[in-house]
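Step one of this worksheet: look at the structure below.
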Amino acid sequence: MNTQTFIFCLHLGDNALILAQRNAEWTGHGPVLEQDIAITNISLDLLGQARNFYQYAASLFNSFNGEQKKVVDKYIPRLWKEYNRELQEDDLAFLREEQQYLNLLITELPRGDWAQSVLRQFFFSAFQFYLYQHLQNISDPQLAAIAEKSIKEVTYHLRWSGEWVIRLGDGTGESNQRIKNALADQWMFTGEIFMPGEYELIDVLSFKNSWIKKVQDVLSEANLELPQQTWTQSGGKQGKHTEYLGYLLAEMQYLQRAFPNATW
């Protein structure tokens with residue numbers, strides 16, 4: 001169970017970290033100052049969630065015996081193995097290779113325009129909202145505590161992004177078309193959310209209907225229709241990613257790789 005918890009923490013941390021990095025690309029480029037600050041703060045919230053999951057994962061690994069470490073070895077950064085010290089949260093965040101990340105594909109897609117970013121945030125926040133509700137009741141006290149803290153942030157993320165979807169869908173002709181384009185581009189990536197991973201400690205299918213209802217309600221208010229497309233992209237939960245993640249990691253990991261094992 002501990003090795004499964006370790007991998008599950010990586011999945012949750014990777015989701016939050018990669019989307020935080022994508023949203024941070026809006027810093028200084030938001031449509032208006034207030035929304036620039038809002039999406040930057042959402043990025044910081046997600047980064048904080050990622051830290052909590054990585055810290056817990058690192059503490060689990062450092063307590064593992066030799067056999068347990070062998071089980072999760074494929075997720076451990078090769079560069080860290082040269083450092084001769086305990087695993088740290090930054091090692092998990094910044095030193096792993098592309099195929100060692102377990103984030104959902106939707107989180108790594110390019111930033112796109114404002115409609116693309118807010119729709120993705122809405123889809124993801126709705127998922128996190130129901131996930132963390134279930135995670136609060138898990139037997140692992142550390143995961144439950146992280147979920148309890150994080151759901152307060154996610155509730156705001158969901159309200160903020162949902163309001164923007166409605167605002168764009170029920171706005172001008174151009175804003176309506178942009179959110180429609182975003183919906184057409186991203187819907188094929190939402191199915192992966194509810195494809196159960198063997199390491200997941202929460203049955204994601206148990207709240208799929210709640211997620212769909214929330215999405216339907218917001219899209220209806222935005223004068224948008226729920227796509228009927230059923231085919232979906234997948235692979236992120238197994239470490240198979242789009243070409244975009246490699247470029248994102250190259251930028252994100254530059255400092256840690258340029259100055260290996262540096263402290264400040």
*Checking Asn62 side chain against Leu87 main chain: does a donor-acceptor pair fall under 3.5 Å?*
yes
*Considering only heavy atoms from C-beta outward, does the side chain of Ile146 approach that of Tyr132 to under 4.5 Å?*
no
_Strictly distance-based, threshold 3.5 Å: is any side-chain N or O of Gln253 a donor or acceptor partner for the main-chain N or O of Arg96?_
yes
_Short side-chain to backbone donor-acceptor contact, Gln68 and Asn65, under 3.5 Å_ = yes
_Would you compute the distance between atom NZ of Lys214 and atom CG of Asn209 and round it to the nearest 0.5 angstrom?_
15.5 Å
*Enter the distance from Gln233:CD to Thr190:OG1 here, rounded to the nearest 0.5 Å.*
11.0 Å
*same_hphob_cluster(Leu119, Ile212) at 4.5 Å side-chain heavy-atom cutoff*: yes
*Name the orientation class of the two ring planes belonging to Trp164 and Trp114 (parallel below 30°, tilted from 30 to 60°, perpendicular beyond 60°).*
perpendicular
_Taking Gly239's backbone N and O only, do any of them form a donor-acceptor pair with Gln100's side chain (distance below 3.5 Å, no angle check)?_
no
*How far does CG of Asn41 sit from CD of Gln35, to the nearest 0.5 angstrom?*
11.0 Å
*For residues Asn103 and Leu245, determine if any side-chain heavy atom of one lies less than 4.5 Å from a side-chain heavy atom of the other.*
yes
*Find out if a path of hydrophobic residues (ILVMFWY) with successive side-chain heavy-atom gaps under 4.5 Å connects Val71 to Tyr56.*
yes
*Check Asp91 against Pro77 and note the closest heavy-atom contact, atom names and distance.*
O-CG, 3.3 Å
_Between Val32 and Ile37, is there shared hydrophobic-cluster membership here, with clusters defined by ILVMFWY side-chain heavy atoms closer than 4.5 Å?_
no
*Verify, without hydrogens or angle tests, whether Asn176 (side chain) and Gly169 (backbone) share a donor-acceptor contact under 3.5 angstrom.*
yes
*Report the distance from atom CG of Leu104 to atom OG of Ser234, rounding to the nearest 0.5 Å.*
10.5 Å
_One pair to check against side chain to side chain contact (heavy atoms under 4.5 Å, CB included): Phe207 and Leu131. What are the steps and the verdict?_
CA-CA 8 Å; Phe207 56 86; Leu131 174 69; 4.0 Å; yes
*Any idea which heavy atoms bring Asn23 and Ser43 closest together, and the distance?*
CB-OG, 2.9 Å
*Can you name the closest pair of heavy atoms from Lys237 and Glu192 and give their distance?*
N-OE2, 3.2 Å
*Taking the side chain as every heavy atom from C-beta outward, state whether Thr107 and Arg22 have any atom pair closer than 4.5 Å.*
no
*Under 6.0 Å between ring centres, would you say that holds for Tyr199 and His11?*
yes
*Looking at Trp26, is Arg111 sitting on its ring face, NZ or CZ under 6.0 Å from the six-membered ring centre and within 45 degrees of the normal?*
yes
*Phe124, Leu44: one ILVMFWY side-chain cluster at the under-4.5 Å cut-off?*
no
*Within the side chain of Gln228, is there an N or O that forms a donor-acceptor pair under 3.5 Å with the backbone of Leu226?*
yes
*So do the side chains of Asp90 and Tyr54 get within less than 4.5 Å of each other, counting heavy atoms only?*
no
*Contacts of type side-chain contact (heavy atoms from CB on, under 4.5 Å), residue Ala57, not counting sequence neighbours*: Phe6, Cys9, Leu10, Leu92
*asked:* Would you say that more than 12 heavy atoms from the other residues, nucleotides or ligands in this model lie under 6.0 Å from the CD of Glu148, or not?
replied: no
*Atom CD of Glu221: over 12 foreign heavy atoms under 6.0 Å*: no
*Under the criterion side-chain contact (heavy atoms from CB on, under 4.5 Å), which of Glu108, Gln49, Arg120 is the partner of Leu19?*
Arg120
*Could you state the interatomic distance from CD (Gln216) to CD (Glu225), rounded to the nearest 0.5 Å?*
11.0 Å
_Quick check against the 3.5 Å criterion: does Asp14 have a side-chain atom that pairs as donor or acceptor with the backbone of Tyr101?_
no
*side chain to side chain donor-acceptor pair (under 3.5 Å) involving Arg51 - partner list, sequence neighbours excluded*: Glu89
*Does Gln99 CD have over 12 foreign heavy atoms under 6.0 Å away?*
yes
*Does Arg85 offer a backbone N or O that forms a donor-acceptor pair with the side chain of Trp80 under 3.5 Å?*
yes
*Of the non-hydrogen atoms in Glu97 and Arg78, which two are nearest, and what is the gap between them?*
OE2-NH2, 3.4 Å
*Can you find a heavy atom in the side chain of Gln186 that is under 4.5 Å from one in the side chain of Phe122?*
no
*State, to 0.1 Å, how close Gln88 and Ala58 come at their nearest heavy-atom pair, and which atoms those are.*
C-CB, 4.0 Å
*Under 3.5 Å donor-acceptor, Ser63 side chain and Leu60 backbone*: yes
*After noting the C-alpha distance and the side-chain angles of Phe53 and Leu143, does the key distance pass the side chain to side chain contact (heavy atoms under 4.5 Å, CB included) rule?*
CA-CA 8 Å; Phe53 288 122; Leu143 284 177; 3.9 Å; yes
*To the nearest 0.5 Å, how far apart are CH2 in Trp211 and CD in Gln128?*
13.0 Å
*Tell me, with the steps shown, if Gln116 and Leu109 meet side chain to side chain contact (heavy atoms under 4.5 Å, CB included).*
CA-CA 10 Å; Gln116 296 276 353; Leu109 298 179; over 6 Å; no
*Can you name the nearest heavy-atom pair linking Phe127 to Val204, along with the distance?*
CE1-CG1, 4.4 Å
*Flag side-chain contact, heavy atom, 4.5 Å: Asn137 against His134*: no
*asked:* One thing to verify: whether Lys69 and Asp73 come together as a salt bridge, which I'm taking to mean a side-chain N less than 4.0 angstrom from a carboxylate O.
replied: no
*Do Leu105 and Met195 sit in the same hydrophobic cluster, where Ile, Leu, Val, Met, Phe, Trp and Tyr count as joined when their side-chain heavy atoms come under 4.5 Å apart?*
no
_Sidechain-backbone polar pair: Thr40 side chain, Asp36 backbone, donor-acceptor under 3.5 Å_ = yes
*Can you tell me if NZ on Lys213 sees more than 12 non-hydrogen neighbours from other groups inside 6.0 Å?*
no
*Picking from Phe129, Phe194, Tyr130, Trp187, what satisfies ring pair (Phe, Tyr, Trp, His ring centres under 6.0 Å) with Phe123?*
Trp187
_side chain to side chain contact (heavy atoms under 4.5 Å, CB included) evaluation trace for Leu46 with Leu17_ = CA-CA 6 Å; Leu46 291 171; Leu17 177 68; over 6 Å; no
*Is it true that atom OH of Tyr83 has more than 12 heavy atoms of other residues, nucleotides or ligands lying nearer than 6.0 Å?*
yes
